[in-house]
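Notes follow the structure.
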Amino acid sequence: MIQTLRGTRDILPEDTPVWQRVEAVARDVLHRYGFREIRTPIIEKTELFARGVGEGTDIVHKEMYTFGNRSDESITLRPEATASVVRAYVQHRMYADKAPGEVTRLYYVGPMFRRERPQAGRYRQFYQIGAEVLGTSDDPLIEAEVIEMLEWLLKQLGITDTELIINSVGDPKLRGPYLEKLRGAIAKDLGGLCPDCHQRYETNPLRVFDCKVEGCQPIIARLPTIAESLDEASLAHFDEFKRHLEARDIPFKVNPRMVRGLDYYTRTAFEITGGRLGAQNTLVGGGRYDGLSETLGGPPTKGFGFAFGLDRMVLSLPEAETALAREADRPDIYLVHLGESSRGHAIGIARAMRAAGTAVTFDFFERKMKKAMAMASQSGARYALIVGEDEVAQGRYGLKNLATGEQQTLTLNEIIKFTKDFSYHNARSSGQD
Ligand code: HAM
């Protein structure tokens, strides 16, 4: 039997309502903060990520799914979407005709691909919801508003056990002296570090902080941090960012060793970790990436954004939220017809009810009453509607509450009116909160 590839999985109908719930809440929150959706291709030129994310990162160095095109062009399944969004921003000249300080707010939802070692919360095809703020302004207010939005999103989803961790990785153009100092410190302990760290030491010593190898950690803990070598402007930016968080009563922790595993970050970097997750406990990752546009051949642009793992968000949802999402997905009515002659009538009833906004599952098969009721219960529907020959003759139908067993006899109009009151779909179309 052919099965899914390692690190990939099917998301089955029992679980999709939970995913849809997270997506719906995220879209709603993003919309309220002025973000609009962008959909970029899942395949891009390899060069985009090599230049954008950085050759020296684990992602580009060993985790990308890259293959050749017929025209000898190298193509990669996107490992992340910030580079793609910046490419689109430049390609479509979204920066043109903007007022001073005006920003473009974009968000995306979709699958990403990284050839990582699969484990709980870490997949080779995973899903992200991310947002980017692009423009000429690097005001820390932008950063604080994005984080405020994330805090609210988490609250809406009932995820409370989280921690915001922030750092500043400074200005890459002014990092030279620090990198020298870091390289010197690494050199002293090089013998104790893993082969990957040896390579990082050569190509980009900052990446040593991304190392997850247990044996490297005591050495990494002794290395000088970038926070101690920040230039004055980055320091002032970081202070202002922290003040904006405090003004919003958003608690945070500074971790001077958190540099994030992508090369494009400048100044503010952040993560939100979740208590319910195991080893893979980073729910959200993001930061500022001024200059990424220039790296990709675009005009000078400031950028700030984040992405969260949808897989991890779903895993972190409290039981009550998960149950609510599944509950909302249940069909309203399971419609059974008894007797050949009532089938045509039942088809018409189903159509009228759906037009009125009710979710109706139609049983195509003719069954005995007892079996039909068992099927109705199994379907997860709230009510069974019974259309038999007598019912058709009288124009009144049996509506059975499948939880209590209570049954009432109603006309089609009465049933439609009744289902309007309990139908989840009606509730949803009239607004959620
Ligand atoms: P990232 O930290 O690589 O950042 O990924 C963001 C989030 O995606 C992680 O915190 C995690 O929740 C989820 N994630 C990453 N890899 C996996 C995986 N293998 N399995 C499951 N979930 C995963 C970025 O991708 C940046 N583009 C974020 C960003 C946007 N920075 C600025 N703008």
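Every number for a ligand or one of its atoms is a count from 1 in the order of the listing. Numbers for residues simply follow the sequence, beginning at 1.
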R367 atom CZ: more than 12 heavy-atom contacts under 6.0 Å:
yes
Below 4.0 Å, non-hydrogen atoms only: which portion of [X] touches ligand 1? Side chain, backbone, both or neither.
| X | value |
| --- | --- |
| M112 | neither |
| R114 | side chain |
| E271 | neither |
| Y264 | side chain |

So, the side chain of H237 versus the backbone of P140: is there a donor-acceptor pair under 3.5 Å, distance only?
no
Using a 3.5 Å distance criterion without hydrogens, assess whether the side chain of R257 forms a donor-acceptor pair with backbone atoms of F209.
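Answer holds: no.
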Give the atoms of ligand 1, by number and element, whose distance to some non-hydrogen atom of [X] is under 4.0 Å.
| X | answer |
| --- | --- |
| G286 | 31 (N) |
| Y265 | 26 (C), 28 (C), 29 (C), 31 (N), 32 (C) |
| E132 | 30 (C), 32 (C), 33 (N) |
| V284 | 10 (O) |
| R122 | 18 (C), 19 (N), 20 (N) |
| G285 | 10 (O), 28 (C), 29 (C) |
| A307 | 6 (C), 7 (C), 28 (C), 29 (C), 30 (C) |

Evaluating non-hydrogen atoms only, which member of [options] is closest to [atom]?
| atom | options | value |
| --- | --- | --- |
| atom 1 (P) of ligand 1 | M313, Q125, R260, R124 | R260 |
| atom 21 (C) of ligand 1 | A269, G121, A83, G305 | G121 |
| atom 19 (N) of ligand 1 | E63, E116, R78 | E116 |

Which residue owns the protein heavy atom closest to atom 13 (C) of ligand 1, what's the atom, and how far is it?
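Result for atom 13 (C) of ligand 1: G309 CA, 3.6 Å.
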For the pair W152 and Y33, name the ring-plane relationship: parallel under 30°, tilted 30 to 60°, perpendicular over 60°.
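Rings of W152 and Y33: tilted, as their planes differ by 30° to 60°.
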Short side-chain donor-acceptor distance under 3.5 Å, Y264 and T82
yes
Tell me if the centroids of the rings in F418 and Y383 come within less than 6.0 Å of each other.
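Yes, the ring centres sit under 6.0 Å apart.
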Can you confirm whether or not the ring centre of Y107 sits under 6.0 Å from the ring centre of H31?
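So the answer is no for these two rings.
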Quick one: does [X] get an N or O within less than 3.5 Å of an N or O on ligand 1?
| X | answer |
| --- | --- |
| E80 | yes |
| A131 | no |
| Q128 | yes |
| Y289 | no |
| F126 | no |
| F306 | yes |

With a 4.5 Å limit on heavy-atom distance, are the side chains of F67 and I43 in contact?
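F67 reaches I43 side chain to side chain.
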